[in-house]
Colleague: 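Sharing a structure below in structure tokens format, with a few things to ask.
A, B, ... follow the sequence lines: proteins, then strands. Residue 1 opens every chain.
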Amino acid sequence: MKRRVYEALQKHIDHPIVLEKPKDKNFGHYATPIAFSLAKVLRRNPMQIAEELAEKLREEEMFEKVDALKGYVNIKLSQNFLNDYATWALEHEEAFGKGDNGQSVLLEFVSANPTGPLHIGHARGAVWGDVLARIGTHVGCRIEREYYVNDAGNQIYLLGLSVYLAGREAVLGLDVEWPEEYYRGEYILDLAREAVEALGQEMFMDEGFIPEIAEWAKERMLELINRNLADVGIFFDHYVSEKSLYEKWDEILTKLAEAGAVYEKDGKWWLKSTEHGDEKDRVVVREDGRPTYLAGDIIYHYLKFERGYDHYINIWGADHHGYIARVKAAIAFFGYDPQKLEIILSQMVSLLKGGEPYKMSKRAGNFILMQDIVQEIGADALRFIFLTKKSDTHLEFDIEDLKKEDNSNPIYYINYAHARVFSLFEKAGKEQKDVVRVSLNGLGEDAYDLLFTALILPEVLEDAFESRQLQKVTDYLKYLAGLYHKFYYDNRVIGTPYEEKLLKLSAMVALSLRVGLKMLGITAMKKM
RNA sequence: GCACCCGUAGCUCAGCUGGAUAGAGCGUUGGCCUCCGGAGCCAAAGGUCAGAGGUUCGAAUCCUCUCGGGUGCGCCA
């Protein structure tokens, strides 16, 4: 809809146009301060320019009214235009809001180490990535979801060691000496019990079996992580194993050397990441010849770019922000455009419980599990908490509040509006198809406000996706639901001369709420 | 010390590609059910947009500095 307006304006203006929604709805549906920027170029009075422009735009059929006010050009869409659009939307439910962006995007998210269950911080990135993918797909991108599995290195050995020791101590009752660093937490005990059962006691008699135990435990953890994700409706198209990448390392190192990207010093190989804006060069091969973690990431991103997507998005925890420069540097050395890699940082989540800060630490084992929160407040509420906040800001919430908040949760507010519409149709003994072609002519201003708000869903989705600000969708849904609740309160529907018109309007609102909720991974309720 | 994120109502947060009178939810106070779902609606109180400069027709929004909070600065992953 916005695009149609934009195109209409373009016919008359040869200048970048900013189109916005006026704060005061009396000003119309759209407004542009274009006259101010044109005034600078043309060196003329903005009021005058606005007036001339308004004059030209009045010829467009889709506009009912075009005003010039204090330099702004305010535009009001015609009722016929809005009505026809609503009819189209209701007849093409699946297509409403669908775009044709066409970009192919590889979205990497979660990528939590397979050494434990997902905690609440992971959940934020997981939900964000999932919804970004849902909306992106709806607006027409071809988005593939990928999980990078860090299944190599010391941490996996540590996992094995932890299970091995827990098995000896808690299951077999042997004396053990705990090292300084190991994984704690109940899940390690569970794993140990299972492992003794599945692998046999003899595996716990000799440290030499630790790598085998580690491998087994890692697989179990991946299964667990996937179950955690599935419980909130999150899935992946690809899993890439870090371990499997290293066989390509020699080849990649050669490529880097040919590009002049690496050098040898102190018996180690360094990436010249400072050449591309990093603060220092980074070791990629240790003295003993083993590649570092960065090497794995270099291979991974090289292969990503080889796969030829238009754009790449990684959602990382904010604690990895220092890592961006070196990965981008490597990409640049391969001759690819590092701009195509976009890193979205998901900031910390702090939890309170009854006002007390909850320290989250994987090693300490007292972190809050995503599955526990899901069990307490439900997947939908968990999704909503994260989606009402932008990703790059710290988020703090109290578990106790969330528990008691299930009644005042905005999801209920939105769903209630949706359910009310279905209740109306039921009471009226009608179905949507009975009213889609009804003309809305004759309805009042508030009805058209509501209709217009329902119809802007596509541009809200597009804007939210393009700006990576998913909270715009939740804001919109709350606003639309609020408008409908008020409208419902002010207007009687059934038994009035406007019954069919108002049912159509209600159906349109419900459609936008439903599609919007679907984008958030939440199913709209017809009854509550 | 350097880098990144943040500082907006009592609390949790929107608004930030500069635009018209700074918003929501919760909390507080007071109204609205003989009537389609009161899980709703209406109203009130509550703000030096951390502070100071700058840029310009115009700044919560952009720039600089200061103060305050968080995170990162491994050849761990």
Side-chain angles (χ1 to χ4, degrees), chain A residues 16 18 20 22-24 27 31-33 36-37 39-40 46 69-72 74 111-115 150-156 158 181 242 266-270 278-280 282-288 290-297 317-325 345 347-348 350 352 362 385 388-398 401 404-417 419-428 466-467 469 471-472 474-475 478-479 481-482 484-496 499 502-503 506 527-528:
Chain A
V18 176
E20 54 197 31
K23 281 187 182 165
D24 186 338
F27 288 142
T32 175
F36 292 109
S37 33
K40 275 185 197 160
L69 185 67
K70 291 199 273 184
Y72 286 87
N74 296 325
S111 297
N113 294 339
T115 53
N150 296 133
D151 54 359
N154 191 43
Q155 55 173 351
I156 298 297
L158 265 185
E181 216 183 347
E242 180 195 352
D266 303 331
K268 306 155 206 175
W269 284 91
W270 300 70
D278 199 3
E279 42 185 68
K280 47 186 159 185
R282 311 288 173 176
V283 173
V284 288
V285 181
R286 303 174 176 95
E287 259 173 294
D288 61 11
R290 284 155 53 231
T292 62
Y293 177 74
L294 176 59
D297 242 339
D319 51 349
H320 287 64
H321 71 79
Y323 221 76
I324 298 173
L345 294 178
Q347 274 288 355
M348 290 230 342
S350 1
L352 303 172
K362 234 182 185 190
I385 294 161
T388 50
K389 275 88 185 177
K390 54 188 177 201
S391 69
D392 63 356
T393 194
H394 300 261
L395 171 61
E396 179 176 274
F397 57 85
D398 197 308
D401 283 351
K404 71 179 184 205
E405 221 185 28
D406 53 354
N407 261 3
S408 55
N409 197 302
I411 299 170
Y412 287 86
Y413 186 75
I414 295 166
N415 258 321
Y416 187 35
R420 274 184 151 166
V421 173
F422 282 83
S423 168
L424 276 181
F425 270 95
E426 199 178 317
K427 277 257 161 44
E466 293 298 332
S467 63
Q469 314 238 307
Q471 74 280 2
K472 288 182 175 177
T474 49
D475 281 354
K478 281 190 279 186
Y479 179 69
Y484 188 72
H485 282 309
K486 178 163 172 46
F487 186 81
Y488 180 92
Y489 184 85
D490 291 341
N491 298 275
R492 209 181 152 75
V493 175
I494 293 171
T496 69
E499 179 177 307
L502 293 177
L503 282 174
S506 298
K527 259 203 174 100
M528 304 177 60

Colleague: Please check the phosphate of rC35(B) (OP1 and OP2 only) for any side-chain N or O of Lys427(A) closer than 4.0 Å.
Modeller: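 It does not, given that no N or O in the side chain of Lys427(A) lies less than 4.0 Å from OP1 or OP2 of rC35(B).
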
Colleague: Would you please confirm or rule out a distance under 4.0 Å between OP1 or OP2 of rG37(B) and any side-chain N or O of Arg492(A)?
Modeller: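 Answer is no, no contact under 4.0 Å.
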
Colleague: To the nearest angstrom, how far is Lys478(A) atom NZ from rG15(B) atom C1'?
Modeller: 13 Å

Colleague: Taking the P atom in each of rU55(B) and rU61(B), what is the distance between them to the nearest angstrom?
Modeller: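 The answer is 15 Å between these two P atoms.
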
Colleague: Please give, in whole Å, the distance from rA77(B) P to Asn150(A) CG?
Modeller: 9 Å

Colleague: Counting only Watson-Crick or G-U wobble pairs whose two distances fall under 3.5 Å, which nucleotide matches rG40(B)?
Modeller: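 The base-pairing partner of rG40(B), which may sit in any strand shown, is rC32(B).
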
Colleague: Would you measure the distance from the P atom in rC16(B) across to the matching atom in rA50(B) and give it in whole Å?
Modeller: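 Here rC16(B) and rA50(B) have their P atoms 15 Å from each other.
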
Colleague: rA59(B) pairs with which nucleotide, Watson-Crick or G-U wobble, both distances below 3.5 Å?
Modeller: none

Colleague: For rC65(B), does the glycosidic angle fall within 90° of 0 (syn) or outside that (anti)?
Modeller: anti

Colleague: Please verify the inter-ring angle class for Tyr323(A) with His320(A); under 30° counts as parallel, over 60° as perpendicular, anything in between as tilted.
Modeller: perpendicular

Colleague: Would you mind reading off the distance between Ile324(A) atom CD1 and rC73(B) atom C1', rounded to a whole angstrom?
Modeller: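 Atom CD1 in Ile324(A) sits about 13 Å away from atom C1' in rC73(B).
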
Colleague: Taking 4.0 Å as the cut-off, does a side-chain nitrogen or oxygen of Tyr413(A) come that near to OP1 or OP2 on rC41(B)?
Modeller: yes

Colleague: Distance between the P atoms of rU56(B) and rC63(B), in whole angstroms?
Modeller: 16 Å

Colleague: Rounded to the Å, how far apart are Tyr412(A) OH and rC26(B) P?
Modeller: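 The distance from OH of Tyr412(A) to P of rC26(B) comes to 15 Å, rounded to the nearest Å.
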
Colleague: Separation of Asp392(A) atom CG from rC5(B) atom P, in whole Å?
Modeller: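 About 8 Å, once rounded to whole Å.
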
Colleague: Taking atom C1' in both rA60(B) and rU17(B), compute the distance separating them and give it to the nearest angstrom.
Modeller: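 16 Å, rounded to whole Å.
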
Colleague: In terms of side-chain geometry, is the basic nitrogen of Asp288(A) or Arg286(A) positioned less than 4.0 Å from the acidic oxygen of its partner?
Modeller: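 No, no charged N to carboxylate O under 4.0 Å.
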
Colleague: Please measure how far the C1' atom in rA45(B) lies from the corresponding atom in rG27(B), and state the result in whole Å.
Modeller: 12 Å

Colleague: Starting at CG of Asp278(A) and ending at P of rG72(B), how long is that distance when rounded to a whole Å?
Modeller: 18 Å

Colleague: If rA22(B) has a Watson-Crick or G-U wobble mate with both distances under 3.5 Å, name it; if not, just say none.
Modeller: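 Because no pair has both required distances under 3.5 Å, rA22(B) counts as unpaired.
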
Colleague: When rounded to the nearest Å, what value does the distance between P atoms of rA9(B) and rA22(B) take?
Modeller: 15 Å

Colleague: Does OP1 or OP2 of rA24(B) have a side-chain N or O of Gln471(A) closer than 4.0 Å?
Modeller: no

Colleague: Suppose you measure atom C1' in rC67(B) against the same atom in rA52(B); what distance do you get, rounded to whole Å?
Modeller: 11 Å

Colleague: Given atom CD of Glu242(A) and atom P of rC76(B), what is their separation to the nearest angstrom?
Modeller: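 Computing the Glu242(A):CD to rC76(B):P distance gives 12 Å.
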
Colleague: Once you apply the 3.5 Å cut-off to both distances, tell me the Watson-Crick or G-U wobble partner of rA45(B), or none.
Modeller: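 When the pairing criteria are applied, nothing turns out to pair with rA45(B), so the answer is none.
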
Colleague: So, does Arg282(A) get its side chain near the phosphate of rC76(B), meaning an N or O under 4.0 Å from OP1 or OP2?
Modeller: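 Arg282(A) to rC76(B) OP1/OP2: no side-chain N or O under 4.0 Å.
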
Colleague: Counting only Watson-Crick or G-U wobble pairs whose two distances fall under 3.5 Å, which nucleotide matches rC4(B)?
Modeller: rG70(B)

